[in-house]
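Please read the structure below before turning to the comments.
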2 protein chains.
Amino acid sequence: MRKSPASTAPKPSGLDCRLAVLGTDARLTPHRREVFQVLAESTDHPTAYDVFDRVKGRSPGISLATVYNCLEHLTGHGLIKLVQVERAQARYCANIQEHVHFHCESCGSVSDAHPIKPLDPTHFWNLPAGSTVSHTEVAIHGLCPACATKKSR
Amino acid sequence: MRKSPASTAPKPSGLDCRLAVLGTDARLTPHRREVFQVLAESTDHPTAYDVFDRVKGRSPGISLATVYNCLEHLTGHGLIKLVQVERAQARYCANIQEHVHFHCESCGSVSDAHPIKPLDPTHFWNLPAGSTVSHTEVAIHGLCPACATKKSR
DNA sequence: ATTAGAACAAGAATGATTCTAATTCAAATG
DNA sequence: CATTTGAATTAGAATCATTCTTGTTCTAAT
């Protein structure tokens, strides 16, 4: 089951401007758009299967394999990020601003934390001599506000 | 195939002092000792299967399931650390000093980087109000010295 | 209209990890 | 010394996320 992109694509929203970067070397298909929209509307860092579940409501015929394809495509084009805080399942988020992830060790939720000031890793750690840094990934583990108050009682 | 711990355990080494913490609430079985020793002698952050491969030389009868059990046990007691820099496979290291991981995006190797000064995450990121931090995990991605020189030519 | 290339679907395949059930052992007890 | 209890261990099955394969369908260009 497939639709024509021009006729059935959702109305452009503020987020769609980011999709414009796909213009030249990639195609913005309805499925990719739906997957991206679902992620853009989610703050809970859904897994691939979560995304599949949510996209199904809009594109009933979509398959899990296609969701994986779309996620990989969008990740490859820098429109979404892959997050891996726990052992097992990969999670995704559409927040491509500089940020780190806060992981609650009690309920397993993941939320974003935004930078106050930039961090230069070479000021804090002795990196191997001659290495080059492309990016730094930070995951802060602890208790989210809800779990912290629950535990303190 | 199992051995008596007292009779066939390897001679105590400097690292064994760390195993002493297991004393009260956990048993230091030969397998657990072997798994720990293999990790203590490795600087390349082996996967569970790598550990299995290396332990087999010393304990030929050991099973992969036992290696997983031992790794989980040692991780639970804070003797080793679980590292996850890439998508798929978990890696382990016996370095429990404060350190972060440097991941080469070209060859996939993982090495340790030690801190120059402590990092307080609350100075750098706006954490959710009311949350508590237990630890911060940092992974620095880039090119290791060998791959960096290879690429620059 | 034809062709080429990408997107897609379905299900198989892979691969890491966990679970299950049965066995073996160590230490404590009678 | 025999028994019991509980943990360690094993092999293999099961699970689960992810990737791969194959054939089909669509879009855009020719």
Side-chain angles (χ1 to χ4, degrees), chain A residues 1-9 19 22-36 45-53 55-56 58-77 79-80 82-92 108, chain B residues 1-9 19 22-36 45-53 55-56 58-77 79-80 82-92 108:
Chain A
M1 200 210 73
R2 299 176 59 193
K3 300 171 187 173
S4 143
S7 61
T8 63
L19 294 173
L22 291 177
T24 47
D25 64 333
R27 310 233 310 267
L28 176 53
T29 68
H31 282 160
R32 287 178 186 163
R33 178 187 292 266
E34 300 282 13
V35 166
F36 178 78
H45 303 77
T47 65
Y49 196 89
D50 292 336
V51 173
F52 172 55
D53 250 358
V55 168
K56 268 195 296 191
R58 310 177 182 195
S59 299
I62 200 169
S63 76
L64 179 57
T66 299
V67 170
Y68 270 104
N69 288 340
C70 292
L71 288 171
E72 191 186 343
H73 180 92
L74 293 169
T75 306
H77 285 82
L79 283 159
I80 62 173
L82 170 66
V83 190
Q84 200 136 26
V85 281
E86 283 176 290
R87 223 179 149 116
Q89 238 175 322
R91 292 164 168 276
Y92 296 86
Chain B
M1 202 211 74
R2 299 176 56 193
K3 300 170 186 172
S4 142
S7 61
T8 62
L19 293 173
L22 290 178
T24 47
D25 63 335
R27 309 235 308 268
L28 176 53
T29 67
H31 283 161
R32 286 179 187 163
R33 179 187 292 268
E34 300 283 12
V35 166
F36 178 77
H45 303 77
T47 65
Y49 196 88
D50 293 336
V51 172
F52 172 55
D53 251 358
V55 167
K56 269 195 295 193
R58 311 176 180 195
S59 299
I62 200 169
S63 75
L64 179 57
T66 299
V67 170
Y68 270 104
N69 287 341
C70 293
L71 289 171
E72 191 187 343
H73 181 92
L74 293 169
T75 305
H77 285 81
L79 284 159
I80 61 173
L82 169 66
V83 191
Q84 201 136 26
V85 280
E86 285 175 291
R87 223 180 149 113
Q89 238 175 324
R91 293 163 167 276
Y92 296 86

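Treat the numbers as computed from the prediction; the structure is a model and nothing was measured. Every chain is numbered from 1, with letters handed out A, B, ... down the list of sequences.
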Return the nucleotide paired to D:dG6: Watson-Crick means purine N1 to pyrimidine N3 with N6-O4 or O6-N4, wobble means G-U with N1-O2 and O6-N3, both under 3.5 Å. C:dC25
Distance, rounded to the nearest Å, where A:E72 contributes CD and C:dA7 contributes P: 11 Å
Test item: A:T75 side-chain N/O and A:L71 main-chain N/O as donor-acceptor pair under 3.5 Å: yes
Provide, to the nearest angstrom, the distance between the NE2 atom belonging to A:H31 and the P atom belonging to D:dT27. 12 Å
Is there a donor-acceptor pair under 3.5 Å between the side chain of B:D53 and the backbone N or O of B:D50? no
Phosphate OP1/OP2 of D:dT9 contacted by B:T29 side-chain N/O (<4.0 Å): yes
Quickly work out the A:R33 CZ to C:dA7 P distance and round it to whole Å. 15 Å
Length of the line joining A:L71:CG and C:dA7:C1', which is rounded to integer Å: 15 Å
Whole-Å distance separating the CZ atom of A:R32 from the P atom of C:dA9: 12 Å
B:E34 CD to D:dA8 P: how many Å, rounded? 17 Å
OP1, OP2 of C:dG11 versus side-chain N and O of A:S63: anything below 4.0 Å? no
Round to the nearest Å and state the distance from B:I62 atom CD1 to C:dT24 atom C1'. 15 Å
Taking only N and O in the side chain of A:T66, is any of them less than 4.0 Å away from OP1 or OP2 of C:dC8? no
Any idea which of D:dA11, D:dA8, C:dT17 is nearest the B:L64 side chain? C:dT17
Without decimals, in angstroms, what is the distance between B:F52 CZ and D:dT10 C1'? 11 Å
Contact summary for A:L64 and A:A48, nearest pair of heavy atoms: CD1-O, 4.3 Å
Any base atoms under 4.0 Å from A:N69, or only sugar-phosphate, or nothing? Heavy atoms, all strands. nothing
A:F52: which residues meet the ring-ring contact (aromatic ring centres under 6.0 Å, His included) condition with it, sequence neighbours left out? A:Y49
Using the side-chain heavy atoms of B:A48, tell me which of these nucleotides is nearest: D:dA8, C:dT17, C:dA10. C:dT17
With a 4.5 Å cut-off on side-chain heavy atoms, are B:H73 and B:R32 touching? yes
Distance check: side-chain N/O of A:Y68 vs OP1/OP2 of D:dT18, anything under 4.0 Å? yes
